[in-house]
Amino acid sequence: RVMTVIQTETETRMAAARAKVEHVLDAGELLEMDRRLTSLFKRGEADAALLLCLNANVGAAEENTDKRRVLEHLYTRAQEEFEKKADPARAVLHKLCRQPDQAIRVNILQEYLAPVTELIAPDATRIPLPTPTPPKVDAKAFSAAVADTVGQLRGLDADGDLVRANIECCRQVAIEARLVLVETMPADTVRAFEEDLARTWPVGTTD
């Protein structure tokens, strides 16, 4: 019975997301589509289901067509709006999942998860700080953002491959984040982060 309630709820969320995407696309003109999309965020009506639905529409559209380009634009705008509205940890996670280049992802992780130990002068001179500045995003908050996002994805009634791809993105980002923490943070911070990840992906889970 509980599973039936959960299934019904996820189906309702995805149906609502599809209706919202159709409302945006029905505008017919790009600026109006943008306006309708941003209005959803301003009213608090955009969620992970909406992002997943937009992503699915991008994947279903034929490549090198105007429709595909419009959908890609809308998906990018949705990601940007989501990042502006989300808490810092969740915003960084979404920013990372939009970045296909691993080296750039690592730089982003270092910027947000590592303490600042030096300042760089305009002439590129590095000035060590007597006391490091705390990271912009706390490791505990970041692991919580990963867990919440993965939990939402697992609860969506959507294309299985698409959901798994997004969960795998979160897993890869979490692995890269752990390596940054190993290099820059105390052992107890790393250990707590690992324990949080183990709860998100218990041994034996496939996604």
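- Remark: Asp66 engages Arg69 in a salt bridge, criterion side-chain N to carboxylate O under 4.0 Å.
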Throw together a table of side-chain donor-acceptor distances under 3.5 angstrom for residues 45-52, partners on residues two or more places apart or in other chains.
unit_1	atom_1	unit_2	atom_2	d
Glu45	OE1	Arg43	NH2	3.3
Glu45	OE2	Arg43	NE	3.1
Asp47	OD1	Ala49	N	3.1
Asp47	OD1	Leu50	N	3.1

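- Hydrophobic clustering (side-chain heavy atoms under 4.5 Å, transitive across Ile, Leu, Val, Met, Phe, Trp, Tyr) keeps Tyr112 apart from Leu179.
- A salt bridge links Arg178 with Glu194: at least one charged nitrogen is closer than 4.0 Å to a carboxylate oxygen.
- Residues Leu54 and Val58 fail the side-chain proximity criterion, which asks for heavy atoms closer than 4.5 Å.
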Going through the checks in order, is the side-chain contact (heavy atoms from CB on, under 4.5 Å) test met by Asp196 and Lys140? CA-CA 8 Å; Asp196 290 341; Lys140 191 72 176 176; 3.1 Å; yes
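- Of the possible polar contacts, none joining the Thr189 side chain to the Met185 backbone as a donor-acceptor pair under 3.5 Å is found.
- In this structure the side chain of Val150 reaches within 4.5 angstrom of the side chain of Trp201, judged on heavy atoms.
- Annotation: side chain of Val173 is in contact with side chain of Cys97 (closest heavy-atom distance under 4.5 Å).
- Residues Val21 and Leu40 are members of one and the same hydrophobic cluster, defined by side-chain heavy-atom contacts under 4.5 angstrom among Ile, Leu, Val, Met, Phe, Trp and Tyr.
- Between Asn55 and Asn166 there is a side-chain heavy-atom pair separated by less than 4.5 Å.
- Taking the six-membered ring for Trp and thresholds of 30 and 60 degrees, Phe193 and Phe142 have nearly parallel ring planes, at less than 30 degrees apart.
- Between the side chains of Thr149 and Arg90, at least one donor N or O sits under 3.5 Å from an acceptor N or O.
- At least one donor-acceptor pair closer than 3.5 Å links the side chain of Glu29 to the backbone N or O of Glu32.
- Counting only residues at least two apart or in different chains, salt bridge (Lys or Arg N to Asp or Glu O under 4.0 Å) contacts with residues 91-115 comprise Glu83-Arg98, Arg105-Glu176, Glu111-Lys136.
- If you chain together ILVMFWY residues whose side-chain heavy atoms come under 4.5 Å of each other, Leu31 ends up in a group of its own.
- Between Leu25 and Leu74, the closest side-chain pair of non-hydrogen atoms falls below 4.5 Å.
- Looking at Arg68, its side chain does come within 3.5 Å of a backbone N or O of Ala61 through a donor-acceptor pair.
- In this structure, the side chains of Pro135 and Pro115 come closer than 4.5 Å at one or more pairs of heavy atoms.
- In this structure, Arg77 pairs ionically with Glu81, as a charged nitrogen and a carboxylate oxygen lie closer than 4.0 Å.
- You'll find the side chain of Thr76 stays beyond 4.5 Å of the side chain of His73, heavy atoms only.
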